[in-house]
Amino acid sequence: MRMIDIIEKKRDGQALTTDEIQFVVAGYTSGDIPDYQVSALLMAIYFQGMTEQERADLTLSMVESGDQIDLSAIEGIKVDKHSTGGVGDTTTLILGPLVAAIDVPVAKMSGRGLGHTGGTIDKLEAVPGFHVELTSDEFTKLVNEIKVAVMGQSGNLTPADKKLYALRDVTATVNSIPLIASSIMSKKIAAGADAIVLDVKTGAGAFMKDEKQARELAEAMVRIGNNVGRKTMAVISDMSQPLGFAIGNALEVKEAIDTLKGEGPEDLTELCLELGSYMVYLSEKASSLEEARQKLEHAIDNGKALERFKEFLAGQGGDESVVDNPSKLPQAEHRIELPAENAGTVSEIVADNVGTAAMWLGAGRATKDSQIDLAVGLMLDKKVGDKVEKGESLVTIYANDLSQVEKVKETLLESIKITTQKVTVPTLIVGTVT
Ligand code: URA
Ligand code: CA
């Protein structure tokens, strides 16, 4: 097989065979095929697209390029949830204990990564004592007993995706639906879940700003999952404004506790119930989505979800008393309200700019060596559609480093728009793909 023939075939709009795709992925991972030829192929894919079969083949080839996590020692149908990324997205912290409370096993491998706030692990480390350094036996035992555990990423998962993603980044080929869909799904499949629930975000704070593209990506990923034997469903949700009120690590842990108590923000609660219903249904703990949702609501009402969160924290060395006493979480030294300059109705809260402001305060990493301040961040006092008086607080800034606060205030005032006209509140659940 010759790489030049494969490039030519794709350039001319023909579909590649399973063997050809495996040849490319294996050859690129080992270093036998050079960057320049793979670059040309990626650009051809960008313009010509990929068939459903090619997408499944590419995904599986990337899965097979490295280690795969074996979760077979864990009882039950393991369902993973993946979000394409947003601002102040606290859903994972809530969904873990929530679905675990009705015996859906959640075996979560998580990372730290870059972004507006830390990743799931950083957030959980706001709980004193909590750690993710578990042996695989400890991890299995915890998931079998408590039904939820989080472990740091280990092993060499999907090295082909790492290399291809880096090459796409410098060849203007990131933004291709088949390539994005295969990239995300390869990582989920290598992580070992039997079934996958996807939360595809759309709007200013999302990777897919536009709704049509978000739907296309959701459909592409659901097809790949189902075609390679992992039941997959997707929810498309709004990320034009941040989710919930909290953007920051300890602040989001507090928000998760509130939500598990049934006292959380309306949008965050709704999205967790929606995603959770799919997880419960795919794990076969309910025979319909309606029944799944009732079970979740019940677990919040009767305190089981909150109880499970305590057990989860304690299982990994965390101080579970933070749940009843959240003032034990890291606290910022300064709380600064940001008063509205005009009266009216909030018409827009540009999610990505607000996320960047939280990062400047120290809530997230700008580079991989940045130090996170778990205590800092933002609490929205208003959401889109809320009325506001002049001088009323729009958002409260939780800061330790005052040197960033002026810049943060300026950005927030530009990003939170107020109008005297009628405002339509964005729909939270834009669509689903099943
Ligand atoms: N996120 C991924 O993991 N892969 C892509 O290709 C794009 C976004
Ligand atoms: Ca939030």
Side-chain angles (χ1 to χ4, degrees), residues 21 24-25 28-29 35 38-39 41-50 54-63 65-69 80-87 89 91-92 108-117 119-121 153 155-193 196-210 212-225 228 230 232 234-237 239 351-352 355 364-365 368:
I21 289 174
V24 172
V25 173
Y28 188 52
T29 310
D35 284 348
V38 178
S39 303
L41 179 65
L42 289 169
M43 191 56 84
I45 291 172
Y46 181 91
F47 284 113
Q48 297 290 3
M50 288 183 120
E54 285 178 291
R55 296 171 190 202
D57 289 339
L58 175 59
T59 305
L60 285 183
S61 298
M62 293 199 290
V63 169
S65 73
D67 298 337
Q68 296 177 53
I69 309 281
D80 200 359
K81 192 254 347 175
H82 176 79
S83 150
T84 59
V87 179
D89 187 349
T91 53
T92 302
K108 191 88 192 156
M109 307 269 164
S110 208
R112 294 171 193 277
L114 306 179
H116 302 125
T117 64
T120 297
I121 291 181
Q153 220 130 46
N156 180 27
L157 299 196
T158 61
D161 173 64
K162 283 194 191 81
K163 233 180 139 179
L164 284 167
Y165 200 179
L167 186 63
R168 285 164 58 207
D169 211 20
V170 293
T171 55
T173 51
V174 167
N175 213 348
S176 148
I177 299 268
L179 295 178
I180 300 169
S182 318
S183 163
I184 294 175
M185 291 304 287
S186 69
K187 286 175 277 216
K188 289 289 112 183
I189 290 162
I196 300 159
V197 176
L198 300 161
D199 180 13
V200 180
K201 308 284 194 187
T202 179
F207 184 63
M208 288 287 154
K209 312 266 179 231
D210 150 313
K212 185 170 159 282
Q213 275 205 316
R215 179 173 291 279
E216 229 184 294
L217 178 62
E219 283 171 355
M221 292 194 288
V222 167
R223 292 230 180 81
I224 290 173
V228 305
R230 315 281 172 120
T232 306
V235 172
I236 302 158
S237 70
M239 197 28 96
D352 44 358
R365 292 184 184 85
K368 90 179 168 351

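Just so we're clear, the structure is a prediction, and the values are computed from it rather than from any experiment. Whatever order the structure lists ligands and atoms in, that order sets their numbers, starting from 1.
- Side chain to side chain, Lys81 and Thr91 meet the donor-acceptor criterion of an N or O pair below 3.5 Å.
- Rounded to the nearest 0.5 angstrom, Lys108 NZ and Thr92 OG1 are separated by 5.0 Å.
- Closer than 4.0 angstrom to ligand 1 lie heavy atoms from Tyr165, Arg168, Ile180, Ser183, Ile184, Lys187, Phe207.
- With values rounded to the nearest 0.5 angstrom, Met221 atom CE is found 8.5 Å from Ile180 atom CD1.
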Could you go through Asp352 and Lys209, starting from their C-alpha distance and side-chain angles, then the distance that decides it, and tell me whether this counts as salt bridge (Lys or Arg N to Asp or Glu O under 4.0 Å)? CA-CA 11 Å; Asp352 44 358; Lys209 312 266 179 231; 3.7 Å; yes
Side chain to side chain contact (heavy atoms under 4.5 Å, CB included) between Asn175 and Gln213: does it pass, once the steps are laid out? CA-CA 10 Å; Asn175 213 348; Gln213 275 205 316; 4.3 Å; yes
Before giving the answer on side chain to side chain contact (heavy atoms under 4.5 Å, CB included), spell out for Leu58 and Met50 the whole-Å C-alpha distance, their side-chain angles and the decisive distance to 0.1 Å. CA-CA 10 Å; Leu58 175 59; Met50 288 183 120; 4.0 Å; yes
